[in-house]
Amino acid sequence: MVEITDAELTQAKRRWDTERAQRPVPVSVRFDAPSGRIVVEFINGAAFMVPARSLEGLTEAADEQLAEVELLGETGLHWESLDVDYSISGLMSGVFGSRTFMEAQRRGGQSKSPAKIAASRANGAKGGRPRKVIKGS
């Protein structure tokens, strides 16, 4: 068993305080149903939002389940009933799930079916995507 001296413990606490002071500390988290986003607010007044149903494990969750979000210490988010956890730094870096999940999400609109390729070429020959028509103009 490794023993830690009082001096080492004091030094570790100082390092922790220094590191903590250099990063935003979350003070609250909530699910905003109208926007469908998880909102994390920080002690410095900043806020971070992420679309809840873009996160693996939350795509099919009901609003009531999403509203059960809790801060997990100062570094994570937790949904007890869904058994889902995320690190705040990971979300801020764009990590919304496993590599497989994220690849599937990215490929969602990138279908290469023969019908889609033909439609794309036909639209391109006409000058691209049709313009939106504004009613009443």
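Since this is a predicted model, take the numbers as computed values, not measurements. All residue numbers refer to positions in the sequence shown, counting from 1.
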side-chain hydrogen bond (donor to acceptor under 3.5 Å, both in side chains) filter on Ser81, not counting sequence neighbours, yields Glu68

Sorted by chain and residue number, the side-chain hydrogen bond (donor to acceptor under 3.5 Å, both in side chains) partners of Glu80 (sequence neighbours excluded) come out as His78

Across all chains, not counting sequence neighbours, the side-chain hydrogen bond (donor to acceptor under 3.5 Å, both in side chains) partners of Thr59 are none

Across all chains, not counting sequence neighbours, the side-chain contact (heavy atoms from CB on, under 4.5 Å) partners of Glu19 are Trp16, Arg23

Here the salt bridge (Lys or Arg N to Asp or Glu O under 4.0 Å) pairs for residues 40-53, sequence neighbours left out, are Arg30-Glu41, Arg53-Asp63

Note: with side-chain heavy atoms under 4.5 Å as the link, the other cluster members for Leu71 come out as Val29, Phe31, Ile38, Val40, Phe42, Phe48, Val50, Leu55, Leu58, Leu66, Val69, Leu77, Trp79, Leu82, Val84, Tyr86, Ile88, Leu91, Met92, Phe96

Tracing side-chain contacts under 4.5 Å among Ile, Leu, Val, Met, Phe, Trp and Tyr outward from Met49 reaches Val39

Those residues at least two apart in sequence (or on a different chain) that pass side-chain contact (heavy atoms from CB on, under 4.5 Å) with Arg15 are Gln11, Ala12

Q. More than 12 foreign heavy atoms under 6.0 Å from CG of Asn44: is that the case here?
A. yes

For Ser87, the side-chain contact (heavy atoms from CB on, under 4.5 Å) test, sequence neighbours excluded, returns Ser89

Sorted by chain and number, sequence neighbours left out, salt bridge (Lys or Arg N to Asp or Glu O under 4.0 Å) with Glu8 holds for none

(Q) If you count heavy atoms of other groups shown closer than 6.0 angstrom to CG of Asp6, is the number above 12? (A) no

* **CG/Leu9: more than 12 non-hydrogen atoms of other groups inside 6.0 Å** => yes

Sequence neighbours excluded, the answer for side-chain contact (heavy atoms from CB on, under 4.5 Å) partners of Ala7 is Thr5

For Val25, the other hydrophobic cluster members (4.5 Å side-chain criterion, sorted by chain and number) are Val27, Ile43

